[in-house]
Each structure stands twice: as structure tokens, then as C-alpha cells.
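What follows is a set of notes on a single structure, which appears directly below.
Predicted model only: the values in this text are computed from it and were never measured. Below, chains carry the letters A, B, ... as their sequence lines are ordered, and counting in each starts from 1.
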Protein chains: 2
Amino acid sequence: MTAARKRAPSARSLETRKRILDAAEKVFSRHGFDGASLREIATLADVPVGLVHHHGGSKEALFAETVRRHAGLLAEIRMRDLKALKEKGPLTLEAIMDCFFRAYQKLVNEEGDQWLDYGRLVAHVSADARWRDLAAECFDPTTQHFMEAILSLYPKATSELAATGQIFSVAAMLAFFNANWRLETLSPGASPPDMNHLVRFSAAGMKALLQAKPA
Amino acid sequence: MTAARKRAPSARSLETRKRILDAAEKVFSRHGFDGASLREIATLADVPVGLVHHHGGSKEALFAETVRRHAGLLAEIRMRDLKALKEKGPLTLEAIMDCFFRAYQKLVNEEGDQWLDYGRLVAHVSADARWRDLAAECFDPTTQHFMEAILSLYPKATSELAATGQIFSVAAMLAFFNANWRLETLSPGASPPDMNHLVRFSAAGMKALLQAKPA
DNA sequence: GTCTATAATGAGATAGAC
DNA sequence: GTCTATCTCATTATAGAC
């Protein structure tokens, strides 16, 4: 065993820690890793900068911890819903993709808008090769399960095509969380984006990839 | 008239300026605005840091100029190809979307891989609300033309849906330029992404949005 | 136009008192 | 655990010689 186990942290400490991670989630999700500063996080959390280091370690470690904190719950919901879907059967592509995306909306409805921040945070992780390992650790296992479920519907399709479709779909999802501002300029007065649109778009795109005739 | 016009810059000056903008394109496209440093740009361009300021002004101005430099050519090609497509007729959704995406590939084939960098740069502009005005200036006019062409095929669809589909499609395109690394982890040994996949995915997704029955 | 030197700011990280 | 003060470094930006 590696040295002595740390004592259980006090309630106060846990609360401070939560405040710091909440603030980090907000700031990182809005400005990205490079654009965020520990000082802004400390200010938002209303703690001295030193405490951010104490709880989060380096900036990179804090970022990773912020991403990891909620990844488990997201994965859990997705896997649970996918399982329920399989048991209910029969599976459809639309239902699988809906299940993948809808997890965020459920969390927003149940726990609040901080999950929108988390969605944007995931966007940054997925968009930058620097977080390759973190993304693989937090999201790939779930993604693989969904890809397998999708491939079970299209036995002739390659996993390469399913992965491509998955990447395009996740990209669209990230745009969904970020694109209010762009929608406004392209189509003034448009109502905020609807998750059903995202599901319909991605499912149709995925289907087009997987059904394609080999040349 | 506002003061005297500047003299025509020397050939040497123009060449230095090009080197700086080329370097800026590379560095900004790889690290984003916040992650990039003027020093790295200067080093890559093999000029002293001071010169970067002289030619580019502030970091923000340099970024905007880098984006603007090639936006015109991209827009021109897209508009020319769209016009040719219309004259050839009849229009199809796939052909329109192909025309929109293929411009990058044509440029890569004709002028080289720096256009892959430019594609990534566009990604950063499109993903961050901070560049709202820059994106509107450089890309929205072309995008609007393509949206109109698409809507002409689906007279009953709303411009809001077309804009949503356009945003999702551009997001997928940006993933296409960035996602080699993710494809590798999701489907090891996969060949590099194929632009035909992008076209098929986006066209099918767009069609699904525009054909949807009103509730 | 070019280049060097330097100013001015803000960053992440740390040491040590409480 | 908490907080203050400080260190060290890298950044953008500018002033001025050539």
C-alpha cells in the first residue's frame, strides 16, 4: 500500500472544493482551457487563488478533474437508457441516437443549466487532440457501446463508417450547445435550437453513411 | 480624404508579410487564438517579434487578417461553382452540399495543404462566439446563398430549419478537418476520412430536417 | 521597413503563517 | 484546510536605433 490514506476531508473542505469545481466548469466551458485563467475561476468561486491549486493541483489537472467529475453520471444515464431501449426492443437507429443525445437534456431538466456548461466543456475536450487520452477515458467506452448497438442494425456496415458518423454526430451536438449566436445571425429571430432537430439530422446522416452501397 | 495614402510596399515587405501571415495561419489553426503566441508565430516566420506587430498590429487584428486573407478566394470558388451548378441544372441537395464542402478539397489539391490549416482556422472562428462579427463578415454571405439554393428545393421548409442544418453541417465539416485523432481511437487503423462521407452525411441530415412534416 | 531592447502586464505556481 | 504574499516566467506591446 502506498503510504497512509488521507483522512476524510471536512464538510467545509468538500464544499469549497465543489465551489471551485463548479466555477472551473463554468469558466473552462466558456473560454476553453487556454482562454481560462485560474484567477477568474478563483474569483467566481470566491476563494483565494492559492486554494485553487490546493484542491485542483495544476491547471491541467483541474481541467481533467472538472471533466471527469460529471462524466460518470452522463455515461451511467446513457448506458441505462440504452439498456432499457434494448430490452424494450426492437431497436431503431433514431431511438439509439436519441438516447445518446437526450441524456444532456434530461440532466438539464432534472439538475439545472450547469449541464449546458458541461456540454460545452465536453465540446472543448472533443475538439482538441491535446485531450485525446482524457476523451478516451471519459467518453469512448460509452461511445463504443452505442456504436456497437448501431452496427448491430447494419451488419454490413464497417466500424470505420460508424465511427465517422459518430464523430460527425458529436460535432453537430457540440454545435447544438454552442450555436445560439450563429443561428441568430443566419436566421434572425429563430427560436433556440430544438434537440429533436439534432436527433433527426444525425440519425439521417448516420443512416446515409451505413446504408451506402460499397463502390 | 483621410490623410495621405501609404506608398506601395516593397517586394521585400510583401514577402515578409506573407511569411508572417502564413505562420500565423499555421499557429492559430493548431492552437486556437488563446493558445497561440506571437512569439511562436515570429519564430516560425523567422522574423523578430516586433515585425509581427508592425505587420499585423495587435494579436486580435492579426488573427482577423489571417482569417480574412483567404476568405475571399474560398467564397469566390464556392459562388462560382454554385452558379455553374445552377446553370447546368437541375439542382439537387447533394450537389449543393458537395459544392459547399468540395471547395476546400479543390484548394488543397491545387494549392497545397495550407488549406487544411485554413479549414481548421475557420473551425475556430465558427466555434467561438467571440468571432461573431468576423464570421458574419467572411462567411455568412456565401452561406446565405447556399441556404437560399437549398430552400428553393424545399419551398415548404423554414429558413430556420435550413440554418440549423447548415450549422450542423459546418460543425461536421470542422470535425472532418480535425478528427483524424479521434477516428484513430474510435476505430483503430481506419483510413483518413473521406470527403464523400461528409457530403453524404450532411446532405441526408439536411434533407431529414427540411422534409419533416410540421407537427 | 527592419530589428533590438525593454516596458508592462498577467499568468501559473509555491512557501509559509494561521 | 485556509489564506496571504511572493516568485518566476511568458506574454503582448512599444520605443527607438539602424
- [ ] Figure out the CG/P separation between A:Asp34 and D:dA10, and round it to whole Å.
- [x] 16 Å
TODO: Quick one: label B:Ala11 by what it contacts on the DNA or RNA (base, sugar-phosphate, nothing), any heavy atom closer than 4.0 Å.
DONE: nothing
TODO: For B:Phe146, check ring-ring contact (aromatic ring centres under 6.0 Å, His included) against everything at least two apart and list the hits.
DONE: B:Phe100
- [ ] Could you note down all residue pairs passing salt bridge (charged side-chain N to carboxylate O under 4.0 Å, His left out) where residues 48-66 of chain B supplies at least one of them, sequence neighbours left out?
- [x] B:Arg17-B:Glu65
TODO: For C:dA11, take OP1 and OP2 only and decide whether either is under 4.0 Å from a side-chain N or O of A:Ser37.
DONE: yes
Open item on the list: Students often get this wrong, so: under 4.0 angstrom with heavy atoms, is B:Ala61 touching a base, only sugar-phosphate, or nothing?
Closed with: nothing
Which protein N or O atoms sit under 3.5 Å from an N or O of nucleotides 13-16 of chain C?
from, atom 1, to, atom 2, distance (Å)
C:dA13, OP2, A:His53, NE2, 3.2
C:dA13, OP2, A:Lys59, N, 3.0

Task: Test: A:Glu94 and A:Lys207 ion pair at under 4.0 Å - done: yes
Acceptor/donor pairs from residues 161-181 of chain B side chains to any protein atom, 3.5 angstrom cut, sequence neighbours excluded:
from, atom 1, to, atom 2, distance (Å)
B:Thr164, OG1, B:Glu160, O, 2.9
B:Ser169, OG, B:Gly165, O, 2.8
B:Trp181, NE1, B:Asn178, O, 2.9

Task: Rounded distance in Å - CG (B:Leu51) to C1' (C:dT2) - done: 6 Å
- [ ] Could you pull out all residues at least two apart from A:Arg80 that satisfy side-chain hydrogen bond (donor to acceptor under 3.5 Å, both in side chains)?
- [x] none
Task: Closest listed nucleotide, where the reference is the side chain of B:Pro48 and the choices are C:dA11, C:dT4, D:dT4 - done: C:dT4
Open item on the list: Expected output is a numbered-order residue list: members of residues 13-25 of chain A with a heavy atom under 4.0 Å from any atom of DNA chain D. What is it?
Closed with: A:Ser13, A:Thr16
TODO: Please list, chain by chain and in numerical order, all residues satisfying ring-ring contact (aromatic ring centres under 6.0 Å, His included) with B:Phe139, sequence neighbours excluded.
DONE: none
TODO: To the nearest Å, give me how far apart CD (A:Glu40) and C1' (C:dA11) are.
DONE: 13 Å
TODO: Not counting sequence neighbours, which residues clear salt bridge (Lys or Arg N to Asp or Glu O under 4.0 Å) with A:Asp98? List them please.
DONE: A:Arg102
Task: With B:His70 via ring-ring contact (aromatic ring centres under 6.0 Å, His included) - residues at least two apart - done: B:Trp115, B:Tyr118
